[in-house]
Amino acid sequence: AMLRLRLLTWDVKDTLLRLRQPVGESYWAEAQAHGVRVQPEALTRSFREAYGAQSRRFPNYGCSQGLSSRQWWLDVVKQTFRLSGVHEDAVLSLIAENLYRDYCSAHNWELMPGASETLSRCCQRGFHMGVVSNFDNRLENILAQCNLRHHFDFVLTSEDAGIAKPDRRIFEKALRLGRVLPEQAAHVGDDYAKDYQAAREVGMHSFLLHTAGRGMQPEVPPGHILPTLSHLLAVVEK
């Protein structure tokens, strides 16, 4: 049966956009520019540790604890370098500021295969579209820089909402913004718990983009799995 969809909501990272290179490589290149000697592998490991600790201590960019997402990220970058043995505060501040700015541009992001075409075709079909992403408030700008912003009626980030996926309230907020009932909406994302399952729990349809390296989730019907974004068109154009 044809899905009576009116709204499509989208995750961004690893669904529509992905990093051009691993975080450790970008951090290493910035360090090189300042004459700081450090291995990219060390930075990759340190970033995981720093990001994990910061996320546990200050969930969702610390927005409910009075932190700005900018300060949250500057602290993650500095801690990443400290864990890799770099301790000069002045240079760390400069590196952190530069990286915060660079991740806001198209310089560090690239489109996922089929993203542009799929979004255009969905718009042509008359779907309303929105973003639901666990991201900080740089996302609007990143989407604009990557020439995707115009596809969306709204961009709902976890920082703006003050709630992060898989909390059902961020999806409920998206449904209100889209002015549709849950069964008239579908969410597209790459994370089983935060995207696929969370959207279904509020009564939305959802599709799981299967990215390389992700184990298959047995409880997802094959018809809900997208091997690539372009496969969504076959589903919505029925």
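Here the structure is a predicted model, which is why all the values come from computation and not from measurement. Heads up: numbering here begins at 1 and tracks the sequence.
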Practice problem: Let me see the working for K165 and D11 under side chain to side chain contact (heavy atoms under 4.5 Å, CB included), right down to the final yes or no. | Solution: CA-CA 10 Å; K165 299 182 296 191; D11 170 54; 3.0 Å; yes
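- With rounding to the nearest 0.5 Å, the separation of CG in L94 from CG in D89 is 12.5 Å.
- Pairing each heavy atom of F154 with each of G178, the nearest pair is CE2-N, 3.9 Å.
- Taking the six-membered ring for Trp, F207 and W10 have ring centres at least 6.0 Å apart.
- By the 30° and 60° cut-offs, the orientation of the rings of W109 relative to F135 is tilted.
- Note: the hydrophobic cluster containing L7 does not contain L226 (ILVMFWY, side chain heavy atoms under 4.5 Å, direct or indirect links).
- Here the CD atom belonging to Q197 is positioned 4.0 Å from the OH atom belonging to Y192, to the nearest 0.5 angstrom.
- A donor-acceptor contact shorter than 3.5 Å links the side chain of R20 to the backbone of H107.
- Within the model, atoms CD1 of I225 and NE2 of H231 stand 11.5 Å from one another, a figure rounded to the nearest 0.5 Å.
- For the pair F47 and F81, the minimum side-chain heavy-atom distance is 4.5 Å or more.
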- Message: Show, in sequence, the C-alpha distance, side-chain angles and deciding distance for F127 and R6, and conclude whether the side chain to side chain contact (heavy atoms under 4.5 Å, CB included) test is met.
- Response: CA-CA 5 Å; F127 290 108; R6 289 174 52 200; 5.8 Å; no
| Can you list the steps and then say if E172 with R176 is a salt bridge (charged side-chain N to carboxylate O under 4.0 Å, His left out)? | CA-CA 6 Å; E172 287 165 351; R176 284 198 299 276; 5.2 Å; no
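- R179 meets the side-chain hydrogen bond (donor to acceptor under 3.5 Å, both in side chains) test with no other residue; sequence neighbours excluded.
- Side chain of E159 to main chain of N137: a donor-acceptor pair is present (N/O by atom type, distance under 3.5 Å, no hydrogens or angles).
- Placement of L177 and V188 in two distinct hydrophobic clusters is found when ILVMFWY residues are connected by side-chain heavy-atom separations under 4.5 Å, directly or transitively.
- Here the closest non-hydrogen pair linking T44 and G24 is OG1-CA, 3.3 Å.
- Side-chain polar atoms of S206 and H187 form no donor-acceptor pair below 3.5 angstrom.
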(message) Please evaluate residues Y100 and R70 with respect to the criterion side chain to side chain contact (heavy atoms under 4.5 Å, CB included), reporting the C-alpha separation (whole Å), side-chain torsions for both, the decisive distance (0.1 Å), and the verdict.
(response) CA-CA 7 Å; Y100 180 80; R70 187 173 166 278; 3.6 Å; yes
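- Applying the side-chain hydrogen bond (donor to acceptor under 3.5 Å, both in side chains) test to residues at least two apart or on different chains, the pairs with a partner in residues 142-153 are H128-D153, E140-R149.
- Judged purely by atom type and a 3.5 angstrom limit, W28 uses its side chain to pair as donor or acceptor with the backbone of V38.
- Other residues, nucleotides and ligands contribute more than 12 heavy atoms inside 6.0 Å of the CZ atom of R82.
- Under the salt bridge (Lys or Arg N to Asp or Glu O under 4.0 Å) criterion, D136 pairs with R138, sequence neighbours left out.
- Residues satisfying the side-chain hydrogen bond (donor to acceptor under 3.5 Å, both in side chains) criterion with Q65, sequence neighbours excluded, are absent altogether.
- The nearest pair of heavy atoms linking E30 to I95 is CG-CG2, 3.8 Å.
- If you check the side chains of Q79 and D75, you find no donor sitting under 3.5 Å from an acceptor.
- In this structure, L233 and C122 have side chains that are in contact, with non-hydrogen atoms separated by less than 4.5 Å.
- In the hydrophobic clustering of ILVMFWY residues, with side-chain heavy atoms under 4.5 Å counting as a link, W73 and V23 come out together.
- The two residues V77 and Y27 make their nearest non-hydrogen contact at CG2-OH, 3.4 Å.
- Annotation: side-chain hydrogen bond (donor to acceptor under 3.5 Å, both in side chains) contacts of R121 (sequence neighbours excluded): E117, E237.
- Atoms OG1 and CG, on T15 and D190 in that order, are 4.0 Å from each other to the nearest 0.5 Å.
- Side chains of L232 and L209 form no contact here, defined as non-hydrogen atoms less than 4.5 Å apart.
- Contact of the L5 side chain with the H205 side chain is registered, since non-hydrogen atoms from C-beta on lie closer than 4.5 Å.
- Side-chain atoms of K13 and R18, non-hydrogen and from C-beta on, never get closer than 4.5 Å to each other.
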**OP:** Take K173 and L156, measure what side chain to side chain contact (heavy atoms under 4.5 Å, CB included) needs, and give me the verdict at the end.
**Re:** CA-CA 8 Å; K173 187 158 189 169; L156 183 58; 4.0 Å; yes
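- Taking D160 as the reference, nothing meets the salt bridge (Lys or Arg N to Asp or Glu O under 4.0 Å) condition, with sequence neighbours excluded.
- Side-chain contact between F171 and P166: absent, with no pair of heavy atoms (C-beta onward) separated by less than 4.5 Å.
- Side-chain atoms of H34 and N98, non-hydrogen and from C-beta on, do get closer than 4.5 Å to each other.
- Note on R101 versus E97: no salt bridge recorded, every NZ/NE/NH1/NH2 to OD/OE distance being 4.0 Å or above.
- Under the 4.5 Å side-chain heavy-atom criterion for Ile, Leu, Val, Met, Phe, Trp and Tyr, V76 and V86 are members of the same hydrophobic cluster.
- When all heavy atoms of L83 and E49 are compared, the pair lying nearest together is CD2-OE2, 3.7 Å.
- Distance CG/N134 to CG/D191: 8.5 Å, rounded to 0.5 Å.
- Side-chain contact between P40 and E25 is present, with at least one heavy-atom pair separated by less than 4.5 Å.
- Without hydrogens or angle criteria, Q54 side chain to W72 main chain gives a donor-acceptor distance under 3.5 Å.
- Closest of all the heavy-atom pairs between C146 and L111 is O-CD1, 3.8 Å.
- Here the straight-line distance linking atom CD1 of I142 with atom SG of C104 works out to 5.5 Å at 0.5 Å rounding.
- Checking side-chain atoms of S105 against main-chain N and O of D102 turns up a donor-acceptor pair under 3.5 Å.
- S46 and S84 form a side-chain donor-acceptor contact under 3.5 Å, judged by distance and modelled atom types alone.
- By the rule that hydrophobic residues join a cluster once side-chain heavy atoms approach within less than 4.5 Å of another member, L67 and I163 end up as members of separate clusters.
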